[in-house]
Amino acid sequence: MLTIKFIDENKDYVIQRLAVKRFNAKEIIDVILGLDKQRRQIQNQNDNIQATLNAIAKEVGVLYKTGKVKEAEEAKVKTAQLKEESKQLVIDLEETELNLKNKLVQVPNVPHITVPDGKSAEDNVIVRSGGALPNLTSDAVPHWDLAKKYDIIDFELGNKLTGAGFPVYKGKGSKLQRALINFFLDEGEKAGYKEYMPPLMVNEESGYGTGQLPDKEDQMYHATLDNLYLIPTAEVPLTNIWRDAIVNSSEFPIKATAYTPCFRREAGSYGKDVRGLNRLHQFDKVEIVQIQHPSKSYETLEEMVNHVEGLVKKLELPYRIVRLCGGDMSFTSALTYDFEVYAAAQQRWLEVSSVSNFESFQANRLKLRYKDDGDKRTNLAHTLNGSALALPRIVAALLENNQTTNGINIPEVLIPYTKFNVID
RNA sequence: GGAGAGAUGGGUGAGUGGCUGAAACUAACGGUUUGCUAAACCGUCGUACCUCACAAGGGUACCGGGGGUUCGAAUCCCCCUCUCUCCGCCA
């Protein structure tokens, strides 16, 4: 959520930059600024009435104490009408605030100045790429066939236990998951991230805090009896740690990482996108989060991108980093880099990480503020997060790219974790 | 799940209808003094909104959340949430 102040002070810029996200902001911004003006007027009126009421109440107290009962009774009479007026104003105020908020949450984050114009994924800009594309033999097969051949991931068994999109990892497949998780967490720790193990279910407030609610409600599994949501990403519990917090800027950067399973309903997905590990309802991911001073958040974004790049490099996967264009960016992001790895048998680039700077968009909802030393004022912090990394598509690429006639080779860096060097 | 107790500012904790946005102590920060890993003393020390220059000043709201009684509520009443203790159940 953008702040009204920012919109007010940068109206033309906001309209112009939101056009890059294919969002026409002109009209809604006028409505927002109008509602805000109205809101201030109403509050001002009501404050004045309250002040009068408070004064009368004080007076009545004194009159009673000095035995002037008659005068006190007279003073009381005056309050009735003021209270009526105030009541109506409070109703108006609440309604106006609600309207205002409803409009405000419809406005996406303003894309950073470097975000390219564009409609869809076609218009994303490849920033850089690395790693060599493997030369597979002609009998190379996609990962879902390999999973079956070596009996390491069982999709049918998952169907039996739960349903589509809930695979069962077996034997070396299971150990590979564990290895990747530990590898990612260890790398995160080396880079200065503090490890957390958060709850996998969150309450409504947390859902609102990071923006999954209200609009992405149907993407989350909802335990209605207790009104809890299964997390779609560790970003939700991890970032909400700092909901309603005021930190001293000397604590920046705050760096947190967590491994969690992630649960996504993925309503509306179909076709080759959901084949095998490409898209699941439950998957494992290590997430990194940073909270940073606004003046340094873009340096931090670069640092996070470099961290993720280091991971795919160490896994020896062919990758490319793309800067998302306005049309392909998420609602909440100001700048996003996607990481894609090449799955050689499917001959597809698979998105494995998305690293974003949300600037103060998320912090505004979270009420995550900071204070500079010696300054009484609070400001909104900047939040950033990224996957480092999501497992399934990494596994898909590892299996497909490293297949040989003798089995699937494990990248060097993972062997200390898997304790085996080939899946056969 | 049953019974009871409780929820106050960074922490401890006072306050049961007006003089309380809230004592006291403590932590933190700034300063004075003395000087050796410190003490004493003084000062500052919640958030949001309105007015307004995001200054000073003024106003309003907030003592877990919501509603009510009253001229006036941290204080009384109702509902909810959470925490603690005991019992039950249990990895």
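Letters A, B, ... mirror the listed sequences (proteins, then strands); counts begin at 1.
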Return the nucleotide paired to A38(B): Watson-Crick means purine N1 to pyrimidine N3 with N6-O4 or O6-N4, wobble means G-U with N1-O2 and O6-N3, both under 3.5 Å.
none
P-based separation of G21(B) from U75(B) [nearest Å]:
13 Å
Relative to the ring of Phe183(A), is the ring of Tyr417(A) parallel (under 30°), tilted (30 to 60°) or perpendicular (over 60°)?
perpendicular
How would you label the contact of Ile246(A) with the nucleic acid (heavy atoms, under 4.0 Å): base, sugar-phosphate, or nothing?
sugar-phosphate
Give me the distance, rounded to whole Å, that separates A74(B) from U85(B) when you measure between the P atoms they each carry.
31 Å
Listed nucleotide nearest any side-chain atom of Gln50(A), set G18(B), C50(B), A61(B):
A61(B)
Whole angstrom is fine here: how far is it from CD1 in Ile42(A) over to P in U60(B)?
19 Å
Mind checking the P distance from C29(B) to C45(B)? Whole angstroms is fine.
16 Å
Between Thr378(A) and U47(B), is there a side-chain N or O to OP1/OP2 distance below 4.0 Å?
no
Asn48(A) CG to U51(B) C1': how many Å, rounded?
9 Å
Starting at atom NZ of Lys58(A), determine the distance to atom C1' of U60(B), rounded to an integer number of angstrom.
13 Å
Carboxylate-amine/guanidinium proximity below 4.0 Å for Arg128(A) and Glu309(A):
yes
Has Arg40(A) got a side-chain N or O lying under 4.0 Å from the OP1 or OP2 atom of U51(B)?
yes
Interatomic distance at P, G65(B) relative to G9(B), whole Å:
10 Å
I need the CG-C1' distance between Asn364(A) and C54(B), as an integer number of Å.
15 Å
Is the shortest distance from a Lys or Arg side-chain nitrogen in Lys148(A) or Glu156(A) to a carboxylate oxygen in the other one below 4.0 Å?
yes
Whole angstroms only, please: what is the CG-P distance between Asp244(A) and A48(B)?
11 Å
Please figure out whether Gly61(A) or Arg369(A) has its closest RNA chain B nucleotide nearer the 5' end.
Gly61(A)
Rounded interatomic separation in angstrom, taking NZ from Lys76(A) and P from U70(B):
10 Å
Side-chain ion pair, Lys255(A) and Glu303(A), N-O less than 4.0 Å:
yes
Pairwise P distance, G68(B) and A61(B) [rounded to whole Å]:
16 Å
Counting any heavy atom closer than 4.0 Å, what does Ala75(A) reach on the DNA or RNA strands: base, sugar-phosphate only, or nothing?
nothing
Distance in angstrom units between Glu73(A) CD and G72(B) P, rounded:
13 Å
Paired with U81(B) by Watson-Crick or G-U wobble geometry, both distances under 3.5 Å: which nucleotide is it?
A7(B)
Aromatic Tyr319(A) / basic Lys313(A) pairing, under 6.0 angstrom, 45° off normal
no
Give me the distance, rounded to whole Å, that separates G1(B) from A73(B) when you measure between the P atoms they each carry.
36 Å
Within the structure shown, what part of the strands sits under 4.0 Å from Asn46(A) by heavy-atom distance: base, sugar-phosphate, or nothing?
nothing
Roughly how many Å apart are U44(B) and A24(B), using the P atom of each and rounding to a whole number?
12 Å
Does a side-chain N or O from Asn54(A) land closer than 4.0 Å to OP1 or OP2 of U60(B), or not?
yes
Among C71(B), U47(B), G59(B), which is the nearest nucleotide to the side chain of Thr79(A)?
C71(B)
Tell me whether the side-chain N/O atoms of Lys371(A) come closer than 4.0 Å to OP1 or OP2 in U47(B).
yes
Using purine N1 to pyrimidine N3 plus N6-O4 or O6-N4 for Watson-Crick, or N1-O2 and O6-N3 for G-U wobble, both under 3.5 Å, which nucleotide pairs with A74(B)?
none
Check every strand shown and say whether Gln43(A) touches a base, only sugar-phosphate, or nothing at a heavy-atom separation below 4.0 Å.
base
Describe the nucleic acid contact of Lys83(A) in one word from base, sugar-phosphate, nothing, applying a heavy-atom distance below 4.0 Å.
sugar-phosphate
Would you say Tyr370(A) and Gln292(A) are linked by a side-chain donor-acceptor pair, where the criterion is simply a distance under 3.5 Å?
no
Whole-Å C1' distance, C62(B) and U20(B)
14 Å
If you measure from the Lys or Arg side-chain nitrogens to the Asp or Glu carboxylate oxygens, is any gap between Glu187(A) and Lys190(A) under 4.0 Å?
yes
Within a 6.0 Å radius of atom CD on Glu9(A), are there more than 12 heavy atoms belonging to other residues, nucleotides or ligands?
yes
Mind checking who A28(B) pairs with, Watson-Crick or G-U wobble, both distances under 3.5 Å?
U44(B)
Just name whichever nucleotide pairs with A55(B), Watson-Crick or G-U, keeping both distances under 3.5 Å, else none.
none
Please report, rounded to the nearest Å, how far the P atom of U70(B) is from the CD atom of Glu59(A).
20 Å
Start at the 5' end of RNA chain B and walk down; is the nucleotide closest to Lys87(A) or to Arg377(A) reached first?
Arg377(A)
Should C19(B) form a Watson-Crick or G-U wobble pair with both distances under 3.5 Å, which nucleotide is its partner?
none
